[in-house]
Amino acid sequence: MSFKPTPFWLTAIAVPFYFATPLPSFAAEATLSLPNEATVGVEVVEELTFESNQARLNDILLHPTQAERASHSLPEYCVIVGNAQLVDKRIRVTTKDATCIETHEADSDIFTGEFSASAYAEDGQYGIACEGTPCTLSPGQTFVLTLNESLEIKEQDNPSEELNEQRRQVDGEGVANPVPREEAVPD
């Protein structure tokens, strides 16, 4: 079989319509912003226990919750990664990263980036007081994170949102959202 060149006008007719259609424009990039020294309420995702020979726990998970002393709030769907250290009967929590998802009806914005903050108890003191032995921090035990620097996390690409937007714009036609045939045609 040999290749036969096709005249340009025939190629232009054969090329599907979606090459001539402009790509859909997506919403402008959003930013998750908090000022320096902003406070947010959080709690641990699962119980943390410091055993007698253990003074540090790495990669702990926190999520936002309501706190009286919080000046700001994070999106409901948010996970913050940090470390906890037991010093003088107080648990000192510092954070390093956060991933937050902010939803808007069927769409969502994803924010992932550096999140530098330190924990303060509801009494305003650095670290969370340890009442018993072993020292434990449990879900439902609210404390406040104070940001060590302002937070500016740009929205990440969300392939699912882009695909859904393309499907909505196709309006029932094309490959992204095909219209079912009236009769069954086996392959």
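Because the structure is predicted, anything quoted here is derived from the model rather than measured. What's counted below: heavy atoms across the whole structure, side chains too, no hydrogens, waters or symmetry copies.
- Using modelled atom types, one finds no donor on one side chain facing an acceptor on the other under 3.5 Å when comparing Glu152 with Thr31.
- Residues Lys154 and Phe111 have side chains not in contact (no heavy-atom distance under 4.5 Å, counting atoms from C-beta outward).
- Checked by atom type, the side-chain pair Ser118/Thr94 shows no donor-acceptor distance below 3.5 Å.
- Contact annotation: the side chain of Glu102 never approaches that of Glu76 to less than 4.5 Å [non-hydrogen atoms, C-beta and beyond].
- A donor-acceptor pair under 3.5 Å is formed between the side chain of Arg90 and the backbone N or O of Gly127.
- Closest approach of Gln141 and Glu43 over heavy atoms only: O-CB, 3.9 Å.
- Between Leu32 and Pro75, the closest side-chain pair of non-hydrogen atoms falls below 4.5 Å.
- Between Glu47 and Ser138, the side chains place a donor N or O and an acceptor N or O closer than 3.5 Å (distance only, hydrogens not considered).
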*Steps toward side chain to side chain contact (heavy atoms under 4.5 Å, CB included) verdict (Thr99, Asp97)*: CA-CA 7 Å; Thr99 298; Asp97 298 308; over 6 Å; no
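- His72 approaches Val40 most closely through the heavy-atom pair O-CG1, 3.6 Å.
- Residue Asp88 qualifies as open at atom CG: its count of foreign heavy atoms under 6.0 Å is 12 or below.
- Taking CG from Leu86 and OG1 from Thr49, the interatomic distance works out to 11.5 Å, rounded to the nearest 0.5 Å.
- Within a 6.0 Å radius of OH in Tyr126, more than 12 heavy atoms belonging to other residues, nucleotides or ligands are found.
- Between Thr95 and Phe115, some side-chain heavy-atom pair lies under the 4.5 Å cut-off.
- Atoms CG and SG, from Asp109 and Cys100 in turn, are 11.5 Å apart once rounded to the nearest 0.5 Å.
- Looking at Asn83, its side chain does come within 3.5 Å of a backbone N or O of Asp59 through a donor-acceptor pair.
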_For a side chain to side chain contact (heavy atoms under 4.5 Å, CB included) check, start with the C-alpha distance between Leu34 and Leu74, then their side-chain angles and the critical distance, and finish with the verdict._
CA-CA 9 Å; Leu34 292 174; Leu74 292 169; 3.8 Å; yes
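- Atom CD of Glu46 sits about 10.0 Å away from atom CD1 of Ile60, to the nearest 0.5 Å.
- We find the CG-CG distance between Leu48 and Leu61 to be 9.0 Å, quoted to the nearest 0.5 Å.
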*Should Glu149 and Glu37 be marked as a side chain to side chain contact (heavy atoms under 4.5 Å, CB included) after you check the CA-CA gap, both sets of side-chain angles, and the distance that decides it?*
CA-CA 7 Å; Glu149 56 190 36; Glu37 297 184 1; over 6 Å; no
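- Val44 is not connected to Val81 by any chain of hydrophobic side-chain contacts under 4.5 Å among Ile, Leu, Val, Met, Phe, Trp and Tyr, and they are in different clusters.
- Two different hydrophobic clusters hold Val79 and Ile101 under the rule that ILVMFWY side chains link at heavy-atom gaps under 4.5 Å.
- Taken from OG1 in Thr146 to CG in Asn36, the straight-line distance is 10.0 Å, to the nearest 0.5 Å.
- Contact detail for Ala70 and Gly41: the closest heavy-atom pair is CB-N, 3.7 Å.
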*Steps toward side chain to side chain contact (heavy atoms under 4.5 Å, CB included) verdict (Leu145, Ile80)*: CA-CA 11 Å; Leu145 290 177; Ile80 303 163; 4.1 Å; yes
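- Of all the heavy atoms in Pro134 and Phe50, the pair that sits closest is CB-O, 3.3 Å.
- Tested against Phe143 for a side-chain contact (heavy atoms from CB on, under 4.5 Å), the candidates Val42, Ile91, Thr65 yield a single pass: Val42.
- Atoms CD1 and OG1, from Ile128 and Thr142 in turn, are 10.5 Å apart once rounded to the nearest 0.5 Å.
- Environment of NZ in Lys89: sparse, with no more than 12 heavy atoms of neighbouring residues, nucleotides or ligands closer than 6.0 Å.
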